[in-house]
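Here the structure is laid out as structure tokens; the discussion comes afterwards.
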Amino acid sequence: MSYSIVFFGTSDFAVPSLKALLADQRFDVKAVVTQPDQPVGRHQVMTAPPIKVTAQENKLAVFQFEKIKDTEALKTLADFKADFFVVASYGQIIPQSVLDLPNIGPINVHGSLLPKWRGASCVQSAIAAGDKEAGITIMLMDALMDHGPIISQTATEILADDTGESLHDRLAELGARNLPDVLNQFAQGKLKPVEQDHTKATACKLLKRDDGKIDWSKSAEEIERLIRAYNPWPSAWMISNKKRIKILKTRILGVLKSPRRHGEIFAQDEKLVVNCGDNKALEILELQPEGKKAMTAKQFLAGNHSF
RNA sequence: CGCGGGGUAGAGCAGUUGGCAGCUCGCCAGGCCCAUAACCUGGAGGUCGUCGGUUCAAGUCCGACCCCCGCAA
């Protein structure tokens with residue numbers, strides 16, 4: 001006897017969770033629901049979301065509803081009579097009518113310690129805000145985003161060198177590791193959902209590339225965190241000589257001997273540095289000029305003697 | 001065929017109106033020094049993305065193709 005599951009997910013974040021359920025005998029994944037293929041990249045090639053790739057590798061049925069709100073989706077999903085709907089970074093708001101379908105419940109795996117960081121950019125937001133820890137919340141879903149009662153939470157320390165990517169990957173694995181046991185225990189009534197403290201809720205928005213433009217009037221600490229948080233997506237960047245330069249990795253220096261104005265990039269003692277709003281400087285360690293591959297500051301300086 | 005930048009030494013770049021291929025690092029050898037990632041001297045290393053065309057002569061001009069990257073999605 002195993003629990004039947006319909007899995008909702010789209011991005012890389014959801015892949016470890018899906019694989020964890022597939023590998024566990026206690027569960028039977030009946031189908032995968034994911035976003036439609038989208039034109040992606042420089043040549044706008046139609047590309048399947050990562051979850052679809054994983055699903056197809058495992059010969060699972062895949063549904064890609066344009067709108068999960070459509071009655072067609074509701075009818076299709078009702079036929080599975082699933083015990084669980086498991087949702088991880090699906091990308092669409094799921095209506096109450098669909099959430100009501102599973103016998104045991106609709107479960108969400110979210111990459112923050114709710115009620116903190118409800119929304120799409122929870123990983124980047126936690127690093128950028130300077131949080132000491134991040135985590136995974138497994139929760140019962142309701143119709144509001146990341147709003148339902150909490151079943152299980154696991155924290156992980158945010159390290160000084162964590163990037164959006166490293167923390168994202170760690171959280172994805174953490175969620176996947178806990179998910180099977182949490183589902184099993186919840187089904188057996190051993191875990192009771194606890195209502196979130198909604199007065200402490202914070203939200204984070206979906207990030208766009210423009211959000212990565214560095215505001216050099218901020219403190220060096222803030223900017224350094226932003227750069228780590230937004231690496232590799234949406235990436236932190238600045239404009240220098242009318243060219244966009246992505247800033248990939250920095251280190252905080254103290255106050256410089258001969259500072260320049262905020263946001264001006266220059267070489268000093270063979271280091272590439274920029275002054276921030278608090279007059280502390282950031283040493284740029286890795287960067288990527290527009291049209292070039294990512295490189296170290298040393299490589300950049302080798303070919304740019306004017307700095 | 002969405003817009004744009006680019007492929008030149010191991011790395012990052014320069015190369016003027018076609019005329020012997022350079023710069024900063026790195027690397028190798030030697031020197032200096034208590035010592036060094038510092039300094040001095042010498043050295044190796046490039047079919048200039050590929051194919052074709054124009055020319056006495058092509059990194060440079062013309063055509064086609066391959067690859068990398070930024071934007072946009």
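Every chain is numbered from 1 and lettered A, B, ... according to where its sequence line falls, protein lines coming before strand lines.
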* Asked: Do we see a donor-acceptor contact under 3.5 Å between the side chains of A:Asp131 and A:Trp117?
  ->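 There is such a pair (donor and acceptor under 3.5 Å, judged by atom type) between the side chains of A:Asp131 and A:Trp117.
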
* Asked: Is there a donor-acceptor contact under 3.5 Å linking the side chains of A:Gln96 and A:Asp100?
  ->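 Distance-only check passes for A:Gln96 and A:Asp100.
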
Distance between [atom1] atoms of [N] and [M] (Å, rounded):
N	M	atom1	value
B:C65	B:C71	P	26 Å
B:C56	B:G42	C1'	38 Å
B:G43	B:C34	C1'	29 Å
B:A14	B:C25	C1'	15 Å
B:C20	B:C28	C1'	26 Å
B:A64	B:A73	C1'	29 Å
B:C67	B:U50	C1'	10 Å
B:U60	B:G52	P	14 Å

* To do: Apply side-chain hydrogen bond (donor to acceptor under 3.5 Å, both in side chains) to the pair A:Gln196 and A:Arg118, showing each step before the final yes or no.
  => CA-CA 11 Å; A:Gln196 293 184 32; A:Arg118 291 174 176 169; 2.7 Å; yes

* Given ring pair (Phe, Tyr, Trp, His ring centres under 6.0 Å), test A:Phe80 with A:Phe63 step by step and report yes or no. => CA-CA 12 Å; A:Phe80 285 101; A:Phe63 296 92; 5.8 Å; yes

Take atom [atom1] of [X] and atom [atom2] of [N], then tell me their distance rounded to the nearest Å.
X	N	atom1	atom2	result
A:Lys243	B:C3	NZ	C1'	13 Å
A:Leu272	B:C25	CG	P	16 Å
A:Asn304	B:G6	CG	P	14 Å

* Step-by-step side-chain hydrogen bond (donor to acceptor under 3.5 Å, both in side chains) determination, A:Gln64 to A:Gln35 -> CA-CA 5 Å; A:Gln64 297 177 280; A:Gln35 295 270 56; over 6 Å; no

* For nucleotides 66-73 of chain B, just jot down a letter per nucleotide in 5' to 3' order: B, S or -, based on protein non-hydrogen atoms under 4.0 Å. => --SBBBBB

* Using a strict cut-off of less than 4.0 Å between a Lys/Arg side-chain nitrogen and an Asp/Glu carboxylate oxygen, indicate whether A:Glu264 and A:Arg261 qualify as a salt bridge. =>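 Looking at A:Arg261 together with A:Glu264, the answer is yes, because their closest N to O distance falls below 4.0 Å.
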
